[in-house]
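Every value quoted in this text rests on a predicted model; they were computed, and no experiment measured them. Numbers here are sequence positions counted from 1.
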Amino acid sequence: MTTAPADPCPAPLVTRKGTIGLSGRTRIMGVLNLTPDSFSDGDRFATLEQAVDCALRMEDVGADFIDIGGFSSRPGAADVSEDEELRRVLPVISALAARLSCPISVDTFRARVFAECFESGAAMLNDISAFRGDEAMLETLAKTQAPACLMHMQGDPQSMQERPHYEDVVAEVTAFFQERLASAAAAGVSADRLLLDPGIGFGKTLEHNLLLLRAVPDFAALGCGLLYGTSRKSFLGKILGRPDPREREWATAATTAYLFAAGVHVLRVHDVAANIDVLNVVKMIHGKDLG
């Protein structure tokens, strides 16, 4: 692979579970969807025991973060109330907080949900709205001093894939990140606590997604850690003619190898073990430490 590594190196993420360095290796964030209508693994974790066991297995095989969500963001997903979102995620976070060594990330755009999850032991926020979905989110984040990931999305989950359009997707996503970083700084949330996610599949066509995959150096120049989530997504299905998300693991592995070479700092994946295998092989090929 000839992709130039991302530069410069961002600061480590400081969490209540310890400091996660972002230099020298690519970190893995394991996905734990607690929504019955998730695009990839909806209703797989119908019981508390199933969800807890899955998270513990992901950490056991090497996940650096576990990302827990109770609100489906797949295209056309139905809305759910805050109370229902909390009903889905709080028992799992409470059960895992003392058992996991790695940080728990909460996939939500709602300040109340994040605040209650943080009180129950979560250590990080993953906000697909980039703090725009709830005007109280930045204030809440500033109070917790937790790290967070902000993501670019054109539109909302109900409409984002209807007619995505950009004049220059890389320039527009870059400008969006710059504006969001400025808003966060004004609220007391510094850039060294933030990861940037270009939002693969969130209001993007196949061509937009490919351009964003090639644009790692553009986004890395902003100085924050980069998180990409390509796992099992529909653009891979379009490339290969695979409508079933569960048949896209090989395609996901290809993006993992590519994004490692590009220098992406965190990859959000469903199959943690398989993608860590990919990373260990490409690290050895590139002559990098497996630690």
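- Using a 4.5 Å cut-off on side-chain heavy atoms (C-beta onward), V216 and L259 make contact.
- Not one N or O on the side chain of H270 forms a donor-acceptor pair closer than 3.5 Å with the backbone of V31.
- Put simply, the side chain of R232 never gets that close to the backbone of E247: no donor and acceptor are under 3.5 Å apart.
- Ion pair R25/D64 flagged as a salt bridge, since at least one NZ, NE, NH1 or NH2 atom sits closer than 4.0 Å to an Asp/Glu carboxylate oxygen.
- Within the 4.5 Å cutoff, side-chain heavy atoms of L125 are placed close to those of F131.
- Using a 4.5 Å heavy-atom cutoff, the side chains of V106 and N126 are not in contact.
- In this structure the side chain of V266 never reaches within 4.5 angstrom of the side chain of V264, judged on heavy atoms.
- In this structure, S234 contributes its side chain and G237 its backbone to no donor-acceptor pair below 3.5 Å.
- Here the side chain of E116 pairs no donor or acceptor atom with the backbone of L90 at under 3.5 angstrom.
- To the nearest 0.5 Å, the span separating SG on C224 from NE2 on H265 amounts to 10.0 Å.
- Put simply, the side chain of Y228 reaches to within 4.5 Å of the side chain of I200, judged on heavy atoms.
- Among D127, D134, D79, the one residue that satisfies the salt bridge (Lys or Arg N to Asp or Glu O under 4.0 Å) test with R110 is D79.
- A donor-acceptor pair shorter than 3.5 Å can be found between the side chains of N275 and T256.
- At distances below 3.5 Å, not a single donor-acceptor pair connects side-chain atoms of N33 with backbone N or O atoms of T35.
- The residues R268 and D107 are annotated as salt-bridged, a charged nitrogen and a carboxylate oxygen being separated by less than 4.0 angstrom.
- When all heavy atoms of F109 and S129 are compared, the pair lying nearest together is CB-OG, 3.5 Å.
- No donor-acceptor pair under 3.5 Å is formed between the side chain of E59 and the backbone N or O of I66.
- No side-chain heavy atom of H152 sits under 4.5 Å from any side-chain heavy atom of F202.
- Not a single donor-acceptor pair under 3.5 Å links the side chain of K283 to the backbone N or O of V281.
- Side-chain contact, S183 with R180: a donor N or O sits under 3.5 Å from an acceptor N or O.
- Nearest heavy-atom pair, A220 versus L226, reported as atom, atom and distance to 0.1 Å: N-CD1, 3.7 Å.
- Under a 4.0 Å N-O distance rule, the pair D83/R112 qualifies as a salt bridge.
- Heavy-atom minimum distance, P12 versus G21: CB-CA, 3.8 Å.
- Between the side chain of K204 and the backbone N or O of G199 there is at least one donor-acceptor pair closer than 3.5 Å.
- I93 and A122 make their closest contact through CG2-N, 3.9 Å (heavy atoms, listed as atom of the first residue, atom of the second, distance).
- A salt bridge is absent between E85 and R88: the closest approach of a Lys/Arg side-chain nitrogen to an acidic carboxylate oxygen does not fall below 4.0 angstrom.
- Ring geometry for H286 versus F260: interplanar angle over 60°, hence perpendicular rather than tilted (30 to 60°).
- Between Y166 and H208, a ring centre-to-centre spacing shorter than 6.0 Å is recorded.
- Note that R248 lies outside the cation-pi zone of F235, set by a 6.0 Å cut-off to the ring centre and a 45° limit from the axis.
- When hydrophobic clusters are built by joining Ile, Leu, Val, Met, Phe, Trp and Tyr residues whose side-chain heavy atoms come closer than 4.5 Å, directly or via intermediates, L196 is not grouped with M29.
- Residues L138 and V189 meet the side-chain proximity criterion, which asks for heavy atoms closer than 4.5 Å.
- Considering all non-hydrogen atoms of both residues, V89 and G69 come closest at CG1-C, 3.8 Å.
- Nearest heavy-atom pair, F114 versus A146, reported as atom, atom and distance to 0.1 Å: CZ-CB, 4.0 Å.
- At least one donor-acceptor pair closer than 3.5 Å links the side chain of Q145 to the backbone N or O of A142.
- One N or O on the side chain of N209 and one on the backbone of G201 form a donor-acceptor pair closer than 3.5 Å.
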